[in-house]
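Contents: one structure, followed by commentary.
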There are 2 protein chains.
Amino acid sequence: MAITIKDIANKAGISAASVSRILTNRGRFSEETAQRVRELANEMGYFKNQSAADLSQKTSRVIGILVPTNHTNFADEIIKGMQKKAYELGYELLIAFVETDSQQQIKTVRSLLSRQLLAVVMLAIDIEDAVLDVLNSADVKLLSVSNQLNNDIPSISSDNYAMMHTIVDYLYAHGHRQMALIGASDPDPIVAILRRQGYIDALASHGITYNPDFIWGVEMAFQTGIDAIKKFGLPLPFTAVIGSADIISIGLLNGALDAGISVPNDLSIVTVDGTELTQLTRPILTATQQNFAQMGELAITNLANPSRSPHSVIFTDITLIPGGTVATIG
Amino acid sequence: MAITIKDIANKAGISAASVSRILTNRGRFSEETAQRVRELANEMGYFKNQSAADLSQKTSRVIGILVPTNHTNFADEIIKGMQKKAYELGYELLIAFVETDSQQQIKTVRSLLSRQLLAVVMLAIDIEDAVLDVLNSADVKLLSVSNQLNNDIPSISSDNYAMMHTIVDYLYAHGHRQMALIGASDPDPIVAILRRQGYIDALASHGITYNPDFIWGVEMAFQTGIDAIKKFGLPLPFTAVIGSADIISIGLLNGALDAGISVPNDLSIVTVDGTELTQLTRPILTATQQNFAQMGELAITNLANPSRSPHSVIFTDITLIPGGTVATIG
DNA sequence: TTGAAAGCGTTACCAA
DNA sequence: TTGGTAACGCTTTCAA
């Protein structure tokens, strides 16, 4: 049987209530007894039973995080950011990996929710309505990070629309007029829609009518990049390509290599995300880097703030980091 | 205020005890009332308060996982394996990321332990003694995965000693006589010690006395690979190199590329881990693949087994996957 | 098959 | 500054 505050109280000759006050630093008590109690707690190897505390307090400082198992590696960076802030502000994180299977998702979410959470953060997930219903039926704050949901859920992400303008402008300035967008043609997710629209509008602002064929590829996968090069064949009908995720861009790079296309001489590549993966290739990928750590920190700050607006959309910084995959042409 | 079993009981005109029995499927009850209760629970949007249940039951089915924030990406694969098995067997996973800072580690661990855990799994961590003390002072099972600890803690990992034999034998069979081992020279971790010894003994079994200079590099990092090539310079004093992690091997490959060394013609590479990272390079890395999913599943199975032996060491499968980075020479 | 009641460990209120 | 006590929601024993 584990040690309880009652045990400590007995040994110290005071009441459990006092021990509780001391150990939680709430209410009044004399520093004298406090000293003794803290020592005793240490000696006896006391561990707070958080379940009992939660039950008693009815409010919790636990934030649940839903992470897709097939997550790209930037999820780790976001979690690190959340972890840092949560540690500072005294929140606890409860990380749950969810599969794409909606049944399993619901079970995981229910198990999460049975922990009296303060909030649930959805990390780069396009959550299904059934799951969302479950979440909504519970009394928790919701927040979507690195993804915007079409619902009224507050979100923190990069400004994906503006990001495409940045990239297109950059490529345009380097002489490119024909550029493809790979990996953002999934019809559903808001992120993909925003990127497509940003791409189209940015081209238009330079007087270029976009070619629908140049928007191709759904999966955020290495193979998507490989396949894209194969699909368009030689000679490529464009001089530059935008990879909608680092892993896609690495696929594009390798696909080009396999096809004897020289990067950046014959093909320029700009990638979206800018994780450390971009450093692993030769040449190093030119990237629009998202500030994932910032997303994580803002997520916690936002949830900690009781007066957060219910439908807010917060954008985090984007930085274009030149690598070696963009050439000036024309 | 959230719905409780009492609310359900009231509405159904029965006692809370009955509702509890029905919802947990324990004890006896009539299918008739059960039907009604389950419907009601659904309608009313009931969520079990797991804190209350834990408090009442005194035993928990929650397994805590300590994951280093600077984890290599195979941690995800292990977690997936654990998740799958945990889901099957009805356990809950509580994932906590820990920094290298020992103070923060202790706080994280304490917060974990305050949740009445069944067990704590340490994922590829060389835990510090201070943290281990905290863990030992609590009444939880411990298990180390993908790493063996020098203490009496049960562990699940690849047979790192045998793995080196596999690799050395493979390279020897391809004509290599001079081979380096990069990224396993950290004096402390058991894993590094085992790999070094396996490497040395395997060479000896082929009548080769190992060259101490050829064991180099501490960090499991991309830069370690890059630096290794620089350190040994041209011409390389060996014909093959073993990278102690995929990310190191990618560094080796890029370092070779930068130095104008052709892989595999001038240098053969075998990597340890065999994660999907190995598919991103050209040529694809020849790897000894560890079975991370199996580690994860075994971890849960092991913890679920009440009669587990306290000092057991379980080994998981290793598979040599030929890629394009090993040439036959001589 | 069902119910009443005690108990899990902690906190919060009120009184001393 | 301290202590007594009720309460949190659920499970479990024992009786009915």
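Labels below follow one simple rule: chain letters A, B, ... track the order of the sequence lines, proteins then strands, and each chain is numbered from 1.
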Between [atom2] on [N] and [atom1] on [X], what's the gap in Å once rounded to a whole number?
X	N	atom1	atom2	result
B:K6	C:dA4	NZ	P	11 Å
A:Q50	C:dC8	CD	C1'	15 Å
B:D54	C:dG9	CG	P	12 Å
A:I14	C:dA16	CD1	P	21 Å
B:L55	D:dA7	CG	P	17 Å
B:I3	D:dG9	CD1	C1'	13 Å
A:Q116	C:dT10	CD	C1'	15 Å
B:N49	C:dC8	CG	P	18 Å

Legend entry - Under-4.0 Å side-chain N/O to phosphate OP1/OP2 contact, A:K58 with D:dA7: no

Legend entry - Any residue meeting side chain to side chain donor-acceptor pair (under 3.5 Å) with A:N25, in chain and number order, not counting sequence neighbours: none

Inset, instruction - Report the residues that fulfil ring-ring contact (aromatic ring centres under 6.0 Å, His included) with B:F74, sequence neighbours left out, ordered by chain and then residue number. - result: B:F292

Inset, instruction - With sequence neighbours excluded, tell me which residues meet side chain to side chain contact (heavy atoms under 4.5 Å, CB included) with B:I193. - result: B:R196

Legend entry - For B:A34, side chain to side chain contact (heavy atoms under 4.5 Å, CB included) partners two or more places apart: B:I22, B:F29, B:E31, B:R38

Any non-hydrogen side-chain atom of [X] less than 4.5 Å from a side-chain atom of [Y]?
X	Y	value
A:T275	A:D76	no
A:Q50	A:V62	no
B:T33	B:R36	yes
A:I3	A:I8	yes

Inset, instruction - Using the ring pair (Phe, Tyr, Trp, His ring centres under 6.0 Å) rule, collect all pairs that involve residues 34-63 of chain B, keeping only residues at least two apart or in two chains. - result: none

Legend entry - Check: B:R61 side chain, B:L89 main-chain N or O, donor-acceptor pair, under 3.5 Å: yes

Below 3.5 Å, can you tabulate the donor-acceptor pairs from side chains in residues 95-103 of chain A to any protein atom, sequence neighbours excluded?
{"residue": "A:D101", "atom": "OD1", "partner": "A:Q103", "partner atom": "N", "Å": "3.2"}
{"residue": "A:D101", "atom": "OD2", "partner": "A:Q104", "partner atom": "N", "Å": "3.2"}

Legend entry - Proximity to DNA chain D (any heavy atom under 4.0 Å), residues of residues 36-45 of chain A only: none

Inset, instruction - Name every residue in residues 27-35 of chain A that has at least one heavy atom under 4.0 Å from any atom of DNA chain D, in order of residue number, or write none if there are no such residues. - result: A:R28, A:F29, A:S30, A:T33

Inset, instruction - Quick one: list whatever passes salt bridge (Lys or Arg N to Asp or Glu O under 4.0 Å) with B:D54, sequence neighbours left out. - result: A:R115

Inset, instruction - Under the salt bridge (Lys or Arg N to Asp or Glu O under 4.0 Å) rule, collect the residues that match up with B:E88, sequence neighbours excluded. - result: B:K84, B:K85

Inset, instruction - Applying side-chain hydrogen bond (donor to acceptor under 3.5 Å, both in side chains) between A:Q290 and each of A:D273, A:T316, A:D317, report the one that passes. - result: A:D273

Legend entry - End axis versus end axis in the helix from C:dT1-D:dA16 to C:dA16-D:dT1, the angle rounded to 10°, five pairs used at each terminus: 30°

Legend entry - Contact pattern, 5' to 3', of nucleotides 11-16 of chain D - B, S or - by protein heavy atom under 4.0 Å: BBB---

